[in-house]
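All remarks here apply to the structure that follows.
Side chains are part of it too, since the values below use all heavy atoms of this structure and drop only hydrogens, waters and symmetry mates. Remember, predicted model here, so these are calculated numbers, not experimental data.
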Amino acid sequence: DASRPATADKKGDKGAKGGADDDMPLIDFDRLLLERAEEKEFVLENSSFVPVEWRLDLSELEGLEQELKVHPTSGVLPVRGSARVKVSFTAVEEKELGPKIRVEFSDNEGGLDAEPSRAQELFVKVTAEAYKIKAVAFDEPKPGEDKPPGGTLAFGDLPVGETKSESFALKNHGKYDIDFAFTIRKAAVRDLFAVSPPQGTIPAGKSETITVSFCSAREVLLKDQKDLRCSISEPATGEVVETFPISMSVKSVFSRFRLQPGRGITFGAVKFNQTPPPRKFELKNEGQFAFTFAVTSQEIAANCRKAIVAA
């Protein structure tokens, strides 16, 4: 449709929320602890049959240069082409943000600055909240300790089926005891992670070590996954006073190998009592991790099985 040549498609967001802006593309950073940063993106797509020039009006982001950064801010979309616009949010001080990014677009023949104007526009809304935990805070890594910031769990790359645990500490900075409880929102994610202890009480001025274990029977790629949430409540009344997410990243992959020749080995015609010429086959590891193998007959010998299990 040449009269509406550019559209915005949101990537990596949480989806639109109710209200007057239901139809507006939304970049939702949810809640982010102070001194943390996160990046998302949206895609501009040219659905017309002519090149489209575009630029961003960031006037609503004035005064928020420390918190929000956007790039690129202009360009040209070829026919049926697209461009990815990255939006990064840094939690500098406690506040809630909800600015809009105006996308202006027109033909690539001076349409953006023509008189009268031929430019059209659409809007992308950005929502974010920078917060700090008042009753409980994460124990941050010690100087020189190779660990991600508190509230972030990085499990790294793992073979499918391998279990790995990461720990963090919650510290009660308040004057009174508090209760905590962990929940995982999606069933698919609950099957991957286990939390210990899942709930408990932290006395005033004390810390509690929380261990999160990951194991998957399939390949998984999670980046900044926030389905694990901690609720802080007042022990006497049970009233929940604060809820915050734990960000988790992990990648699990299968072992991959290649066996050549792919159709087996043939020795051809061999005379009786003559030693056949040797033949070779190649086993190549094409995965990320080392694996153990044993060459046996169809029935795996007990000593080979023990060696594989022990490895």
**Study point:** Pair R118-D107, side chain to side chain contact (heavy atoms under 4.5 Å, CB included): steps then yes or no
**Key:** CA-CA 8 Å; R118 299 196 300 271; D107 59 81; 2.9 Å; yes
Exercise for review: Answer yes if F254 and L259 sit in the same cluster of Ile, Leu, Val, Met, Phe, Trp and Tyr residues linked by side chain heavy atoms under 4.5 Å apart, and no otherwise.
Suggested key: no
Check your understanding: Is it true that I246 and V220 fall in one hydrophobic cluster, defined by side-chain heavy atoms closer than 4.5 Å?
Key -> yes
Revision key, fill the gap. Nearest heavy-atom contact between A37 and T90 is CB-OG1, 3.8 Å
Practice item. Identify the two heavy atoms, one from S249 and one from D224, that lie closest to each other, and give their separation to 0.1 Å. Key: OG-N, 3.0 Å
Exercise for review: Classify the ring geometry between F29 and F89 as parallel (under 30°), tilted (30 to 60°) or perpendicular (over 60°).
Suggested key: tilted
Exercise for review: Find out if a path of hydrophobic residues (ILVMFWY) with successive side-chain heavy-atom gaps under 4.5 Å connects V103 to L112.
Suggested key: no
Check your understanding: From I178 CD1 over to E242 CD, what is the distance, rounded to the nearest 0.5 angstrom?
Key -> 9.0 Å
Practice item. Would you indicate whether the side-chain heavy atoms of L228 and P245 approach each other to under 4.5 Å? Key: no
Check your understanding: Rounded to the nearest 0.5 Å, what separation is found between the CG atom of D179 and the OG atom of S231?
Key -> 11.0 Å
Practice item. Give the C-alpha distance, both sets of side-chain angles, the deciding distance and a yes or no for salt bridge (charged side-chain N to carboxylate O under 4.0 Å, His left out) between K164 and E162. Key: CA-CA 7 Å; K164 185 175 182 180; E162 181 172 309; over 6 Å; no
**Study point:** Note, K206 side chain near T201 side chain (heavy atom, < 4.5 Å)
**Key:** no
**Study point:** Straight-line distance of F291 CZ to L283 CG, nearest 0.5 Å
**Key:** 4.5 Å
Check your understanding: Is the shortest heavy-atom distance from the side chain of K125 to the side chain of F123 under 4.5 Å?
Key -> no
Review point. If you take all heavy atoms of L34 and A130, which pair is closest and at what distance?
Key: CD2-CB, 3.9 Å
Review point. Charged N to carboxylate O below 4.0 Å: is that the case for R102 and E104?
Key: yes
**Study point:** Non-hydrogen side-chain atoms of T127 and L26 separated by less than 4.5 Å
**Key:** yes
Revision key, fill the gap. Here the salt bridge (Lys or Arg N to Asp or Glu O under 4.0 Å) pairs for residues 251-262, sequence neighbours left out, are E219-R256, R258-E286
Check your understanding: Same hydrophobic cluster for L170 and V212, using side-chain heavy-atom links shorter than 4.5 Å among ILVMFWY?
Key -> yes
Practice item. List the atom of T211, the atom of S167, and the distance in Å for their closest heavy-atom pair. Key: OG1-OG, 3.1 Å
Review point. Are I210 and P197 side-chain neighbours, meaning at least one heavy-atom pair lies under 4.5 Å?
Key: yes
**Study point:** Where K100 and L61 come nearest, the two heavy atoms and their spacing
**Key:** O-CD1, 4.2 Å
Exercise for review: Rounded to the nearest 0.5 Å, what's the gap from CD on E41 to CD1 on I27? Could you check?
Suggested key: 8.0 Å
Exercise for review: Taking N46 for its side chain and P78 for its backbone only, find out whether a donor-acceptor pair lies under 3.5 Å.
Suggested key: yes
Practice item. Indicate, with yes or no, if the rings of F193 and F182 have centres closer together than 6.0 Å. Key: no
Check your understanding: Rounded to the nearest 0.5 Å, what separation is found between the CG atom of L153 and the OG atom of S213?
Key -> 10.5 Å
Point to revise | S47/R80 under side chain to side chain contact (heavy atoms under 4.5 Å, CB included): CA gap, chis, key distance, verdict | key: CA-CA 5 Å; S47 58; R80 302 298 182 181; 4.0 Å; yes
Exercise for review: Enter the distance from L222:CG to S247:OG here, rounded to the nearest 0.5 Å.
Suggested key: 10.0 Å
Point to revise | Sub-4.5 Å side-chain heavy-atom contact between V250 and L192 | key: no
Check your understanding: Should V160 and V189 be regarded as members of a common hydrophobic cluster, given that ILVMFWY residues are connected when their side-chain heavy atoms come within less than 4.5 Å of each other, either directly or indirectly?
Key -> no
Review point. Run the salt bridge (charged side-chain N to carboxylate O under 4.0 Å, His left out) check on K40 and E38 step by step: do they pass?
Key: CA-CA 7 Å; K40 295 184 182 293; E38 196 168 299; 3.5 Å; yes
Check your understanding: Is R36 reaching over with its side chain to a backbone N or O of A91, donor-acceptor style, under 3.5 angstrom?
Key -> no
Return a table of donor-acceptor pairs under 3.5 angstrom between the side chains of residues 64-76 and protein atoms on other chains or two or more places apart.
{"residue": "E65", "atom": "OE1", "partner": "G63", "partner atom": "N", "Å": "3.1"}
{"residue": "E65", "atom": "OE2", "partner": "G63", "partner atom": "N", "Å": "3.2"}
{"residue": "E67", "atom": "OE2", "partner": "K95", "partner atom": "NZ", "Å": "3.3"}
{"residue": "K69", "atom": "NZ", "partner": "E65", "partner atom": "O", "Å": "3.1"}

Practice item. Verify side chain to side chain contact (heavy atoms under 4.5 Å, CB included) between S255 and F257, making sure each step is shown before the conclusion. Key: CA-CA 7 Å; S255 295; F257 65 90; 5.9 Å; no
Practice item. Check whether any side-chain heavy atom of D113 sits under 4.5 Å from a side-chain heavy atom of R55, and report yes or no. Key: yes
Exercise for review: Please assess I232 against F244 for the test side chain to side chain contact (heavy atoms under 4.5 Å, CB included), listing each intermediate value before the final yes or no.
Suggested key: CA-CA 9 Å; I232 304 299; F244 53 89; 3.7 Å; yes
Practice item. Evaluate the side-chain proximity of N108 to V50: yes if any heavy-atom separation is below 4.5 Å, no if none is. Key: no
**Study point:** salt bridge (charged side-chain N to carboxylate O under 4.0 Å, His left out) assessment of D28 paired with K226
**Key:** CA-CA 13 Å; D28 185 7; K226 295 181 179 178; over 6 Å; no
Check your understanding: Which atom pair, heavy atoms only, marks the closest approach of A204 to D177?
Key -> N-OD1, 3.2 Å
Exercise for review: Please indicate whether E109 has more than 12 foreign heavy atoms, meaning atoms of other residues, nucleotides or ligands, lying under 6.0 Å from its CD.
Suggested key: no
